[in-house]
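Below is one structure, written out as structure tokens, with a few remarks after it.
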Amino acid sequence: MITAKTRRNILVSLALLLLLFLLFLVWWFFRPEEEVIVTPPVVIEEVEKAPATPTIKEEKEKAVQEERTNTASLQSASKTFAERYGSYSTEAEFANLRDVLPLMSVSFARSTQAFIDGATPAAEYYGVTTHVISIEVNAVDETEGTATVTVTTQREEAKKTIQDLTVRYSDLVLTFVKEDDSWKVSSAKWE
């Protein structure tokens, strides 16, 4: 049951809320407009400067940066190639080699495709999963467009069943050539 005192309190509260809302509306519509000040554009005369010649330090830093960029692209390509190239399953029917064909030089891709076309997977299950541990760029010759990279890997090998795992560590030596301004693997040799 609502008492007369409670009803009165509710009505007073509603009246106060309505009054506050009306005051807000009056303020909103009659508030002063913000004054917009227009300033004329400032004209700055450009002084012609002589072209700055790079200092020896700047040239050295630029060379180091270019070398890092080349090394980074080689490392990235090496990691992708090694993990895909080194992972194989008889159930995948040489999908690992097909995946890396775009990363290979034209001649290496041609010989790899010939291998795929002539090979038949073993009847018994065999699978290898390769993980890259480290990458070392051994040599880069920008003028010749060649590079050599050693990729240290951990390989999990399964024979007959997936549960029969052995782990071994191998190095994959990759030789790169530059084709169309990008590094391509021209040979891969497990050591």
Side-chain angles (χ1 to χ4, degrees), residues 46 48-122 124-159 162 165-191:
E46 291 188 26
E48 191 173 316
K49 290 184 179 180
T53 54
T55 64
I56 294 173
K57 182 181 177 185
E58 290 171 337
E59 288 177 354
K60 197 176 204 180
E61 287 175 357
K62 184 178 178 184
V64 167
Q65 184 62 34
E66 286 176 6
E67 183 179 330
R68 283 183 186 157
T69 302
N70 283 336
T71 302
S73 65
L74 278 170
Q75 288 178 342
S76 176
S78 298
K79 182 178 189 314
T80 301
F81 184 87
E83 287 185 344
R84 291 182 185 170
Y85 182 79
S87 298
Y88 170 78
S89 170
T90 52
E91 296 172 350
E93 299 179 356
F94 305 106
N96 64 319
L97 297 179
R98 285 187 190 87
D99 285 349
V100 294
L101 286 173
L103 303 175
M104 295 179 179
S105 66
V106 173
S107 61
F108 191 34
R110 193 176 306 123
S111 65
T112 302
Q113 186 62 53
F115 170 78
I116 293 169
D117 294 340
T120 55
E124 190 173 274
Y125 177 78
Y126 176 77
V128 178
T129 303
T130 301
H131 303 283
V132 171
I133 296 173
S134 67
I135 300 170
E136 180 183 351
V137 178
N138 302 324
V140 178
D141 187 347
E142 281 293 326
T143 56
E144 292 291 320
T146 60
T148 306
V149 177
T150 302
V151 182
T152 302
T153 65
Q154 174 186 332
R155 305 185 78 201
E156 298 171 353
E157 189 174 31
K159 296 178 183 177
I162 296 174
L165 278 179
T166 57
V167 176
R168 57 191 170 102
Y169 298 89
S170 302
D171 285 343
L172 179 62
V173 178
L174 302 174
T175 306
F176 284 87
V177 293
K178 251 199 175 161
E179 287 183 355
D180 299 326
D181 284 336
S182 62
W183 290 107
K184 302 286 185 171
V185 178
S186 63
S187 71
K189 181 181 175 189
W190 290 102
E191 292 186 347

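The closest donor-acceptor contact from the side chain of K79 to the backbone of L74 lies at 3.5 Å or more, if one exists at all. Of the possible donor and acceptor atoms, one in the side chain of T80 sits under 3.5 Å from a partner among the backbone N and O of S76. Side-chain N or O atoms of S87 include none that pairs as donor or acceptor with a backbone N or O of T129 at under 3.5 Å. At distances below 3.5 Å, at least one donor-acceptor pair connects side-chain atoms of R98 with backbone N or O atoms of E93. In this structure a side-chain-to-backbone donor-acceptor pair under 3.5 Å is missing from E191 to L172.
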Q: Begin from the C-alpha positions of T148 and F176 and carry the test side chain to side chain contact (heavy atoms under 4.5 Å, CB included) through to its verdict.
A: CA-CA 6 Å; T148 306; F176 284 87; over 6 Å; no
Q: List the steps and the verdict of side chain to side chain donor-acceptor pair (under 3.5 Å) for T152 and D171.
A: CA-CA 4 Å; T152 302; D171 285 343; 3.0 Å; yes
Q. Would T90 and E124 count as a side chain to side chain contact (heavy atoms under 4.5 Å, CB included) if you check the C-alpha gap in whole Å, the side-chain angles of each, and the deciding distance to 0.1 Å?
A. CA-CA 8 Å; T90 52; E124 190 173 274; over 6 Å; no
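Atoms CD and OG1, from E156 and T166 in turn, are 9.5 Å apart once rounded to the nearest 0.5 Å. Put simply, NZ on K184 and OG on S182 are 4.5 Å apart, with the number rounded to the nearest 0.5 Å. To the nearest 0.5 angstrom, Y169 atom OH is 10.0 Å from T153 atom OG1. In this structure, T150 OG1 and L174 CG are separated by 8.0 Å, a value rounded to the nearest 0.5 Å. Rounding to the nearest 0.5 Å places CH2 of W183 at 13.0 Å from CD of Q75.
No side-chain N or O of S170 forms a donor-acceptor pair with one of R155 less than 3.5 Å apart. Side chain to side chain, S186 and S105 fail the donor-acceptor criterion of an N or O pair below 3.5 Å. Using modelled atom types and a 3.5 Å distance limit, the side chains of T143 and D141 yield a donor-acceptor pair.
Contact annotation: the side chain of V128 approaches that of T130 to within less than 4.5 Å [non-hydrogen atoms, C-beta and beyond].
Using bins of under 30°, 30° to 60° and over 60° for the plane-to-plane angle, the ring pair F108/Y85 lands in the tilted bin.
Under 4.0 Å is where a charged nitrogen must lie from a carboxylate oxygen, and between E142 and K178 at least one such pair does.
When all heavy atoms of V151 and A82 are compared, the closest pair comes out as CG1-CB, 3.8 Å. When all heavy atoms of A119 and F94 are compared, the pair lying nearest together is CB-CZ, 3.6 Å.
A side chain to side chain contact (heavy atoms under 4.5 Å, CB included) with F81 holds for exactly one of V185, V149, V132; it is V185. Put simply, the residue from E157, E91, K159 that forms a side-chain hydrogen bond (donor to acceptor under 3.5 Å, both in side chains) with Y126 is E157.
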